[in-house]
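A note on names: the letters A, B, ... follow the listed sequences, proteins ahead of strands, and every chain is numbered from 1. Since the structure is predicted, the reported quantities are computational estimates derived from the model, not experimental observations.
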Amino acid sequence: MTAALRIEAESQRRSSTADNVIPLHERDYASQARQSSAQPKLRPSTVRANKRATQASVRSLPQPLSQPLWLQMLIYAQKGSTVLMVSSVAAMLSVYGWTVHIQDSWGRDYQKLQSLLQQERQLTTSNEALKQQIAKMAEDPSARMALPAPSQMLFVDPAPVREPQVIETRQPDVRSSQNAPLGY
Amino acid sequence: MGSSSPRLRSTALSNYSPANRRSARRRLSEMPVKRTGLNSVRSRLLIVWGLLMLGLGALALNLVRIQVFQAGMLQARATDQQTLVLSATQPRRSILDRNGTVMAIDEPVYTLYAHPIMFQKDVQEIAASLAPILEKPVPDLLQTLTSGESGIRILDGIPEDMANRIRNLRLDGLELLQTYQRFYPQQDLFGPLLGYVDVDRQAQAGIEMSQADAIERTGDGLELRRTGDGFVLPTENLPEQASVPDQLQLQTTLDSDLQRVAQDAIQKQVETYKAKRGVVLVMDALDGSLLTMAGYPSYDPNQYYKADVEQFKNWAISDVYEPGSTFKPINVAIALQEGVIQPDDYVDDPGHIQIGEWPIENFDYKYVGGRGSISITEVLKNSSNVGMVRIMRKLQPSVYYKWLQKLGLGELTGIDLPFEGAGYLKDKKQFVDSAIEPATAAFGQGLSLTPIQLLQIHAALANGGKLVVPHLVKGLVDSSGQVQWQPERAAPKQIFDADVTRKVLKMMETVVTDGTGQNAQVPGYRVAGKTGTSQKAGPNGGYLDGVKITSFVATFPVENPRYVVLAVVDEPVGADAFGSTVAAPAVRAVIETLITLEKLPPSEMDEFSPGPRPVPEAEATTPGDENANSEDADTNSEDTALPVID
């Protein structure tokens with residue numbers, strides 16, 4: 001709003017004499033509306049043209065108001081906290097994603113563990129039942145299975161430690177290979 | 001704001017032309033605000049802001065209501081829905097034998113409950129689809145399903161595959177509750193040793209009961225979260241090792257193969273002599289671990305409800321009997337230890353003596369009469385009662401009584417099975433004052449003990465004089481075989497000197513080589529043994545007529561004693577029923593199997609000559625069978641396989 005009214009002030013100044021500056025607070029909207037409606041519509045190009053026209057009297061552009069120190073600090077703090085917020089949101093999202101992934105893989109591994117335990121149990125049970133079955137079959141005399149008896153055991157003394165034998169390598173007979181035809 | 005075109009600005013300001021102001025007034029007419037343009041904007045803003053603030057406040061209030069007042073209830077509801085306690089019933093640990101064979105394992109079984117109030121389909125249809133899976137007739141099933149509204153138990157003990165088929169039916173209103181059931185693959189091989197677990201998951205006998213603390217897994221089960229599709233997720237406070245139930249198993253010292261052979265052998269003897277019951281025990285004398293405790297008759301713990309209640313107790317540890325002649329080597333050891341005799345002493349054996357008003361005679365007095373002056377070894381070899389009385393008379397009765405107490409008679413051995421019975425020893429005054437008491441104790445009558453206690457004392461003779469604690473349980477082992485926990489046991493007690501026990505074993509060896517124990521000979525191996533045939537004591541004192549209990553105890557190999565085998569057969573029938581004929585063959589079969597299992601080399605390699613190849617149908621006859629009709633078998637020395645080597 002301030003800037004827009006500033007342009008109005010400029011146009012006012014153009015239309016009126018250079019010394020005739022109407023303070024803002026004293027202006028009447030109605031009169032201004034009449035004035036601006038009577039005036040040609042301003043375009044950016046027109047503003048620039050007007051500016052060039054007033055090159056003779058170079059007026060410095062209005063300086064940006066120097067901000068007090070606490071305001072500057074506050075603005076810097078705001079910028080810093082924005083950076084912090086963005087980074088912490090990114091970190092939070094990644095940690096959350098990692099947590100979900102860990103839970104998911106735990107659940108998957110747990111299911112796998114349960115099914116493995118079940119398989120192990122089933123294997124053990126059927127293995128033992130099979131052993132029992134075979135043992136029961138062995139008791140039947142018609143199965144012709146006999147218990148191992150001490151008379152069938154063989155005890156062998158270990159051989160005494162001997163020195164390693166040296167095996168001389170024979171030179172291959174060169175003459176016989178010469179007589180043999182190639183390709184056979 | 002600086003970039004807005006001046007045209008817009010002028011349009012905005014032209015809103016306040018008189019024409020526009022009228023319409024604006026109309027718009028603002030219902031608002032109780034001042035007609036000044038800026039204020040009406042502000043007041044509208046204020047109103048909207050007020051409304052929004054009200055809404056926010058209401059939301060905040062609701063938030064407070066939910067978060068603060070209803071928090072507990074809502075959290076509970078969410079927890080109910082999301083968390084599940086896995087397996088409120090934990091499976092019991094498996095029981096293994098010393099080679100890793102599984103003797104007892106928990107299997108998941110399911111109980112099917114029906115809640116007809118939640119049935120979506122017709123009852124007939126549900127019954128028809130369930131009947132083939134449950135193998136029940138449809139009308140019965142229909143009757144069960146219509147007998148109530150909810151919580152009807154249809155069938156329990158449903159195995160896993162059947163449960164999966166029921167679950168795949170996807171019927172509403174059916175619920176499968178998981179529990180565990182004990183399965184014993186070896187059926188009746190171990191019988192009363194393992195015990196059984198009843199419907200309420202309470203162990204009732206055997207190792208299951210005595211080691212229940214080690215076998216049962218403690219803990220309330222694992223608490224986990226469940227997502228909407230049933231996927232499980234961990235909770236925050238999951239303990240470190242909780243996800244995996246520890247894979248510890250209870251390992252025993254039993255050997256399934258030896259047990260099987262022993263069971264067959266004792267069954268055969270019991271059936272041949274029409275005895276009431278029989279048992280074979282094998283102990284490793286070095287540490288007291290039991291390799292075998294095979295009894296006949298036995299029962300299948302899978303179907304414990306079909307068994308005779310009498311069989312639930314293990315009579316090898318709970319019933320006492322008078323040991324008879326198997327106690328004689330122990331008495332000789334006591335006498336040698338006290339120094340009242342030397343191994344090469346001689347005693348006079350008239351065959352028949354009178355102590356007060358009681359006559360005492362040898363078993364073979366009627367055939368052989370008195371033997372005259374015989375050595376201690378021959379007293380044992382011929383199992384002479386009178387000889388033993390003469391030997392033990394050299395001991396003061398009070399000293400003798402102290403020794404009997406030192407052996408542990410009248411007390412428990414401390415085996416890790418339940419319901420152990422203590423032996424019986426008369427009180428000191430009665431023992432010391434009466435002359436007959438030490439005399440009968442000299443040949444093993446008048447005192448009573450359990451078979452396991454006799455085995456324990458003979459193990460002391462085998463291992464150099466230490467009374468070890470008999471035990472079955474090795475401990476809890478993990479999957480790599482490392483023992484993670486062991487039960488506490490008392491330390492062995494030294495009661496005899498090692499050389500005393502060696503001398504007694506040498507005497508016992510003659511019993512097997514050319515005494516009453518020749519049925520237990522194993523060619524090539526040195527076996528020391530002693531037969532026992534004793535009368536059974538009646539319930540009112542005195543002895544029952546014609547009712548015997550026969551036993552045979554063997555220690556082998558004599559040059560390096562390791563294993564002690566005891567076979568006891570209760571009430572065999574027949575005139576030829578003695579320890580040598582009834583019990584010794586079973587011991588021989590067990591020793592032969594033990595040799596092949598432990599790969600024990602023969603005692604004298606050069607002297608070893610292989611015997612006939614054993615045939616499964618016929619029992620190989622051994623020298624001494626024909627002559628072993630009575631306890632006097634001293635006339636068959638021509639059949640000895642080995643010279644006796646000192």
Side-chain angles (χ1 to χ4, degrees), chain A residues 1-8 11 29-30 32-33 36-37 39 41-44 46-47 100 102-104 106-111 113-114 117-118 120-122 124-133 135-136 138-155 157, chain B residues 1-10 13-14 16-17 91 94 101-103 105-108 160 183 185-187 189 224-225 227 231-234 238 243-245 247 256 260-261 264 522-525 589 591-593 595-597 599-602 605 608 610-617:
Chain A
M1 198 79 163
T2 322
L5 290 169
R6 248 185 263 139
I7 298 175
E8 291 299 329
S11 63
Y29 283 121
Q32 187 189 346
S36 50
S37 54
Q39 297 297 322
K41 304 289 182 230
L42 279 170
R43 286 184 191 85
T46 327
V47 172
V100 168
I102 291 282
Q103 283 182 341
D104 201 48
W106 187 96
R108 238 179 275 282
D109 285 343
Y110 187 79
Q111 303 278 31
L113 173 70
Q114 290 305 312
L117 280 176
Q118 185 193 24
E120 182 197 10
R121 196 185 47 238
Q122 283 172 344
T124 312
T125 317
S126 36
N127 196 23
E128 297 300 332
L130 204 63
K131 273 198 238 173
Q132 174 74 5
Q133 193 83 341
K136 276 273 187 277
E139 282 169 20
D140 188 10
S142 62
R144 301 190 60 78
M145 290 198 216
L147 285 173
S151 54
Q152 295 169 320
M153 284 165 63
L154 210 59
F155 287 92
D157 285 326
Chain B
M1 283 290 258
S3 57
S4 58
S5 70
R7 187 195 305 222
L8 271 177
R9 190 52 45 212
S10 54
L13 291 171
S14 66
Y16 291 89
S17 59
S94 307
T101 310
V102 177
M103 305 196 297
I105 189 168
D106 251 359
E107 278 193 321
E160 262 182 305
F183 172 56
Q186 281 84 21
Q187 295 170 344
L189 183 62
L224 296 170
R225 264 199 318 220
T227 62
F231 194 69
V232 288
L233 293 176
L238 206 58
S243 327
V244 184
Q247 297 302 304
S256 310
R260 209 177 284 280
V261 170
D264 286 344
V522 179
Y525 293 86
I591 291 179
E592 285 176 346
T593 310
I595 288 168
T596 52
L597 282 178
K599 301 178 181 48
L600 297 170
M605 289 285 240
F608 174 58
R613 191 189 172 86
V615 186
E617 295 92 82

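- Under the rule for a side chain to side chain donor-acceptor pair (under 3.5 Å), B/Thr593 has no partner lying at least two apart in sequence or in another chain.
- Using modelled atom types and a 3.5 Å distance limit, the side chains of A/Gln103 and A/Arg108 yield no donor-acceptor pair.
- For B/Leu600, the part lying under 4.5 angstrom from a heavy atom of chain A is the backbone only.
- In this structure, the portions of B/Ile595 lying under 4.5 Å from any heavy atom of chain A include both its backbone and its side chain.
- Applying the salt bridge (Lys or Arg N to Asp or Glu O under 4.0 Å) criterion to B/Asp106, with sequence neighbours excluded, gives B/Arg182, B/Arg201.
- For A/Asp104, the parts lying near chain B are the backbone and the side chain together; criterion is any non-hydrogen pair under 4.5 Å.
- Checked by atom type and distance alone, the side chain of B/Gln186 pairs as donor or acceptor with a backbone atom of B/Val102 at under 3.5 Å.
- Between the A/Gln152 side chain and the A/Ala149 main chain, a donor and an acceptor come within less than 3.5 Å of each other.
- Of the residues considered (A/Glu139, A/Glu128, A/Lys136, A/Gln133), A/Glu128 shows the highest number of contacts with chain B, using heavy-atom pairs under 4.5 Å.
- Your options are B/Val261, B/Leu189, B/Thr101, and the one with the most heavy-atom pairs under 4.5 Å with chain A is B/Thr101.
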